[in-house]
Amino acid sequence: MPELPSVFAALGDATRFAIVEKLMSEGELAVGDLLEVGDISAPAISRHLKVLRSAGIVERRVDQQRRLYSINAETVQSIEDWTHHYREFWQQGLERLEKLLAEKETGI
């Protein structure tokens, strides 16, 4: 299971976030295909990909001379699980607040 603080720190950079969004929408891509995410050089994209790999967000596959990157599904699932947990927490809190306000309005 990936370390979520590292995942969120890696996603905190706009370029890395754009890389992840592109990979999520288009699937596995070569480094050259990721140059479109911004006005950035190939070495800079490679550095961003290294950070994303270290955080467990992307995976790399070697196909002859090409390096292909894809999203690590386990990490995306971990993010979804974490957000779902807190969505439930906030929903329950809002429901309690709504009930309290309704009671206050009716004078109970």
Side-chain angles (χ1 to χ4, degrees):
M1 182 166 151
E3 300 259 345
L4 286 179
S6 299
V7 169
F8 289 131
L11 291 173
D13 178 86
T15 300
R16 289 193 288 270
F17 192 83
I19 290 169
V20 170
E21 283 190 312
K22 186 166 181 70
L23 289 171
M24 288 182 74
S25 66
E26 297 183 26
E28 185 178 64
L29 295 171
V31 175
D33 298 326
L34 294 168
L35 292 172
E36 303 167 4
V37 298
D39 188 21
I40 190 165
S41 67
I45 287 287
S46 293
R47 286 191 297 274
H48 283 295
L49 286 166
K50 183 178 180 181
V51 172
L52 292 169
R53 278 185 60 214
S54 294
I57 300 168
V58 299
E59 299 173 331
R60 180 178 71 177
R61 180 173 72 86
V62 178
D63 179 33
Q64 296 176 4
Q65 298 297 332
R66 297 176 356 145
R67 306 294 184 260
L68 301 168
Y69 288 85
S70 61
I71 294 296
N72 181 337
E74 180 181 319
T75 301
V76 173
Q77 184 63 53
S78 295
I79 294 169
E80 182 179 354
D81 293 345
W82 183 85
T83 56
H84 181 73
H85 171 76
Y86 283 96
R87 183 179 328 132
E88 287 179 358
F89 169 80
W90 284 109
Q91 186 62 39
Q92 290 171 1
L94 290 171
E95 287 170 4
R96 285 192 307 270
L97 178 60
E98 183 178 28
K99 181 180 176 186
L100 181 65
L101 291 172
E103 289 173 357
K104 190 171 184 172
E105 282 182 6
T106 60
I108 295 178

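To the nearest 0.5 Å, the span separating CD1 on I40 from CZ on R47 amounts to 7.5 Å. Once rounded to the nearest 0.5 Å, the distance linking CD of Q91 with CZ of R96 reads 10.5 Å. For the atom pair CD of Q77 and CG of N72, the computed distance is 11.0 Å after rounding to the nearest 0.5 Å. Here the OG1 atom belonging to T75 is positioned 13.0 Å from the CD atom belonging to E80, to the nearest 0.5 angstrom. Of the inter-residue distances, the one linking I57 atom CD1 with S70 atom OG reads 12.5 Å to the nearest 0.5 angstrom. The CZ atom of R53 sits 10.5 Å away from the OG atom of S46 when rounded to the nearest 0.5 Å.
What you find for A55 and S6 is that their closest heavy atoms are CB-O, 3.8 Å. The heavy-atom pair separating I71 from E59 by the smallest distance is O-OE1, 4.2 Å. R16 and A9 get closest at one heavy-atom pair: NH2-O, 4.1 Å. What you find for L52 and A10 is that their closest heavy atoms are CD2-CB, 4.2 Å. Nearest approach of L23 to Y69, heavy atoms of both residues: CD2-O, 3.3 Å. Residues V37 and K22 share a closest heavy-atom pair of CG1-CD, 3.7 Å.
Using a 4.5 Å cut-off between side-chain heavy atoms of Ile, Leu, Val, Met, Phe, Trp and Tyr, with links allowed through other members, V51 and I45 fall into different hydrophobic clusters. No continuous path of hydrophobic side-chain contacts links I19 to L68 [ILVMFWY only; heavy atoms under 4.5 Å].
The neighbour count for D63 CG, taken as heavy atoms of other residues, nucleotides or ligands under 6.0 Å away, is above 12. Counting heavy-atom neighbours within 6.0 Å of E98 CD, excluding the residue itself, gives a total of 12 or less.
Checked against the 6.0 Å centroid threshold, Y86 and W82 count as a close aromatic pair.
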What's the verdict on side chain to side chain contact (heavy atoms under 4.5 Å, CB included) for L34 and H48, showing C-alpha distance, side-chain angles and the deciding distance? CA-CA 11 Å; L34 294 168; H48 283 295; over 6 Å; no
